[in-house]
Amino acid sequence: MKPIMSMAMTLHELLWPNRAVAPVHSDIIERAYPFFDSVWSGKRAESWYLSFLAVHPDYQGIGVGKDLTLWGVGRAEEEGVVASLITVPGTEDFYRRCGFEETFGCARDGEGNPLVSLKGLDIVWKWPSQKANNEAARFST
Amino acid sequence: MARVMSLAFWDDQLFGEMIHPGREEYPNDSDLYWLRDARVNFWNRHFKFLAAVVQDPDASGKEKVIGIAQWERLGDGAKKRDLARYDPSMCLFLFFSGVHTRLESPHGTGLPFVEVSELQSWDFLRDGRSAVCYTIMNINKSHSRKPHETNHVNGYDPTRAALA
């Protein structure tokens, strides 16, 4: 279904163009990923990755984002894999409080990366507990 | 859902300033970016969509999305989720409903398979499918509409048409 939906959305874009977008940057995410996605390899290959988190501005600061974040942290813990995400400036402390204490890699890395002029974009990680690791290993054998 | 994404990333250096420099002139159009992205990701079984909802203060009896998370499973674990595409319930659902209808759930979340929990605090309903929906009860914070949340576009409004 995904390829069909991709084609449908291409048609959708022709019918209802996004007039607010900068055409030169509309696919910048897709162009940037190859510069840094190698960090999800080796022991980091198995991961629950928070692709997007958004909370309505009127409802920020009451724990909604934290609980949506902790869902993936919990799932990663269950499966004995690392949880990961890319921070935006100003969210680093929030994610640290959610357990993402390790920084490894950055979405601005790589020569020619179109995101190089931006700030932040650190890739942060939350490793599962040793207990979760043991249980995951037992399950897989 | 797309509106929440637009508002949350309105001032973001990447999704706001860089990708949507015309967002003040066309305040509803950035919704299209998020809508199309979410529709494609939704059909990728590696993704898990979460939606947080509250009772809509502007529409009695209806719910309003206030938070969205898109989690993606990477690695070999994602392949197990691929197998779930052959879930018979998915086939039945596709047979009886059009794709567009399926993406516009009664809860207005844009997510099918939405389940609403009547919980006093946060909890998660894990059904192994693509979306989980939470209801947040007893929120004391009042909702105030942002200027750019209203419809600034006179006449033809592509976002409304796309979401209809």
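FYI, side chains are in, hydrogens and waters are out, and symmetry mates aren't considered; it's all heavy atoms of this structure. The structure presented is a predicted model; accordingly, all values stated were derived computationally and were not measured. Below, chain A is the first sequence line, B the second, and so on; all start at residue 1.
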query = By a 4.5 Å heavy-atom criterion (distance strictly below it), what part of B:Asp12 contacts chain A: side chain, backbone, both, or neither?
reply =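 Answer is side chain: those atoms of B:Asp12 sit under 4.5 Å from chain A.
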
request  = Tell me, for B:Tyr33 versus chain A, whether the close heavy atoms (under 4.5 Å) come from the side chain, the backbone, both or neither.
outcome  =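 Looking at B:Tyr33, backbone and side chain both touch chain A.
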
query = If you group Ile, Leu, Val, Met, Phe, Trp and Tyr by side-chain heavy-atom gaps below 4.5 Å, do B:Phe15 and B:Met18 land in one group?
reply =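 Per the 4.5 Å side-chain linkage, B:Phe15 and B:Met18 are co-clustered.
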
[X] versus chain B, heavy atoms under 4.5 Å apart: side chain, backbone, both or neither?
{"X": "A:Leu121", "result": "side chain"}
{"X": "A:Leu118", "result": "both"}
{"X": "A:Ser117", "result": "side chain"}
{"X": "A:Val21", "result": "both"}

Best-contacting candidate, [options], against chain B by heavy atom pairs under 4.5 angstrom:
{"options": "A:Val88, A:Leu53, A:Asn18", "value": "A:Asn18"}
{"options": "A:Ile29, A:Leu50, A:Leu115, A:Leu85", "value": "A:Leu50"}
{"options": "A:Ser47, A:Pro89, A:Ala83, A:Ser51", "value": "A:Ser47"}
{"options": "A:Gly120, A:Ala54, A:Pro23", "value": "A:Ala54"}

query = Do A:His56 side-chain atoms and B:Val4 backbone N/O form a donor-acceptor pair below 3.5 Å?
reply =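 Absent.
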
What's the shortest heavy-atom distance between [X] and [Y], and which atoms?
{"X": "B:Ala69", "Y": "A:Leu68", "value": "CB-CB, 3.8 Å"}
{"X": "A:Ala20", "Y": "B:Ser30", "value": "CB-N, 4.4 Å"}
{"X": "A:Val64", "Y": "B:Gly67", "value": "CG1-CA, 4.3 Å"}
{"X": "A:Pro57", "Y": "B:Ala8", "value": "CD-N, 4.4 Å"}

To the nearest 0.5 Å, tell me how far [X] [atom1] sits from [Y] [atom2].
{"X": "A:Glu13", "Y": "B:Leu35", "atom1": "CD", "atom2": "CG", "answer": "11.5 Å"}
{"X": "A:Trp16", "Y": "B:Leu32", "atom1": "CH2", "atom2": "CG", "answer": "9.0 Å"}
{"X": "A:Met9", "Y": "B:Asp37", "atom1": "CE", "atom2": "CG", "answer": "11.0 Å"}

inquiry  = Do the side chains of A:Glu46 and B:Arg73 get close enough for a salt bridge, i.e. N-O under 4.0 angstrom?
reply    =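 B:Arg73 and A:Glu46: salt-bridged.
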
message = Apply ring pair (Phe, Tyr, Trp, His ring centres under 6.0 Å) to residues A:Phe52 and B:Phe47 and explain how you reach the verdict.
response = CA-CA 11 Å; A:Phe52 288 112; B:Phe47 278 81; 8.4 Å; no

query = Does the side chain of A:His12 reach to within under 4.5 Å of the side chain of B:Arg39, using non-hydrogen atoms?
reply =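 The answer is yes; the side chains approach within 4.5 Å.
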
query = Is there side-chain contact between B:Leu14 and A:Ile28, with heavy atoms separated by less than 4.5 Å?
reply =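 Contact flag for B:Leu14/A:Ile28 side chains = yes.
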
query = What orientation do A:Trp71 and B:Trp71 show, parallel under 30°, tilted 30 to 60°, or perpendicular over 60°?
reply =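 Judged by the thresholds at 30° and 60°, the geometry between A:Trp71 and B:Trp71 is tilted.
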
request  = Determine the option with the most heavy-atom pairs under 4.5 angstrom with chain A, choosing from B:Glu17, B:Arg36, B:Met5, B:His20.
outcome  =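 Looking at each option in turn, the highest pair count goes to B:Arg36.
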
